[in-house]
Amino acid sequence: MSETNVANAGNENSGQENSRQYVARKRWLLFGLPFTFTKYIVGEDMLTVDTGFFTKDEDDCYMYKIQDVQYKATLLERMAGLGTITCFTGDVTTPKIELKHVKQSKEIKNFILEASERARIRRRTLNTLNIGAIPDDMDPADI
């Protein structure tokens, strides 16, 4: 698949199941051309964002830390066959990761959702939210 590759990564000799990996480039909105220096690597265990030409910047986030994923496509993005994926994470350095103007964005979004859930189950992690609800019969000082 052109710039957005689905690759099977893994060691055939280890006896482990091959894992899927997406490699996508950020594209210009006009005509969807990949003339930027941003590359997104989405694997089973990690999401990596590589940016820059003169100064390289690499940002990683473990899949189990991704809590929610959002897909958005403007009219121009849809015309160019692109979309933007926003990952909301529990990562300290980057609580929100955007994969801007990528091809096959719906497929990548679904992969991130499924891979993050599998990673949480593998690591036996639990995400809880404090929504600030205090029962009426409970004194806030007791908490």
Donor-acceptor pair, side chain of R120 and main chain of I66, under 3.5 angstrom: yes
Check the pair T86, K96 against side-chain contact (heavy atoms from CB on, under 4.5 Å), reporting the backbone distance first and the verdict last. CA-CA 7 Å; T86 306; K96 186 166 114 174; 3.6 Å; yes
State, yes or no, whether a side-chain contact exists between D57 and D50 at a heavy-atom distance under 4.5 Å. no
Validation row: I41, Q21 side chains within 4.5 angstrom (heavy atoms): yes
Should E44 and R20 count as an ion pair when the cut-off is N to O under 4.0 Å? no
Taking all atoms of both residues into account, what is the closest heavy-atom pair of L82 and A73, and its distance? O-CB, 4.0 Å
What are the two closest heavy atoms between G43 and F111, and how far apart are they? O-CE2, 3.8 Å
Roughly how far, to the nearest 0.5 Å, is CG of L113 from CD of E117? 9.0 Å
How far does CD of E58 sit from OG1 of T51, to the nearest 0.5 angstrom? 9.5 Å
Is the side chain of T36 donor-acceptor paired with the backbone N or O of K26 at a distance under 3.5 Å, no angle test? yes
Could you tell me whether the side chains of T84 and E77 share a donor-acceptor contact shorter than 3.5 Å? yes
Under 3.5 Å donor-acceptor, T89 side chain and T94 backbone: yes
Exercise: do Q104 and Y22 side chains pair donor with acceptor under 3.5 Å: no
To the nearest 0.5 Å, what is the distance between CZ (R27) and OG1 (T38)? 12.5 Å
Evaluate D59 against T48 for side-chain contact (heavy atoms from CB on, under 4.5 Å), listing each step before the verdict. CA-CA 6 Å; D59 191 14; T48 303; over 6 Å; no
Nearest heavy atoms of Y71 and S105, plus distance in Å: CE1-OG, 3.0 Å
With side-chain contact (heavy atoms from CB on, under 4.5 Å) as the criterion, how do V102 and Y40 come out once you've worked through the C-alpha distance, each side chain's angles and the decisive distance to 0.1 Å? CA-CA 9 Å; V102 294; Y40 307 110; 3.5 Å; yes
Indicate yes or no: at least one non-hydrogen side-chain atom of L75 is less than 4.5 angstrom from one of R78. yes
Could you check if a side-chain atom of L47 sits within less than 4.5 angstrom of a side-chain atom of L99, using non-hydrogen atoms only? yes
Kindly indicate, with the supporting measurements, whether the criterion side-chain contact (heavy atoms from CB on, under 4.5 Å) is fulfilled by E98 and I85. CA-CA 6 Å; E98 283 191 331; I85 303 164; over 6 Å; no
Nearest 0.5 angstrom please: D91 CG to D60 CG, how far? 9.0 Å
Any chance NZ of K56 has more than 12 other-residue heavy atoms, nucleotides or ligands included, within less than 6.0 Å? yes
d(C87 SG, Q67 CD) to nearest 0.5 Å is 11.0 Å
Could you tell me whether Y62 atom OH has more than 12 heavy atoms of other residues or ligands within 6.0 Å of it? no
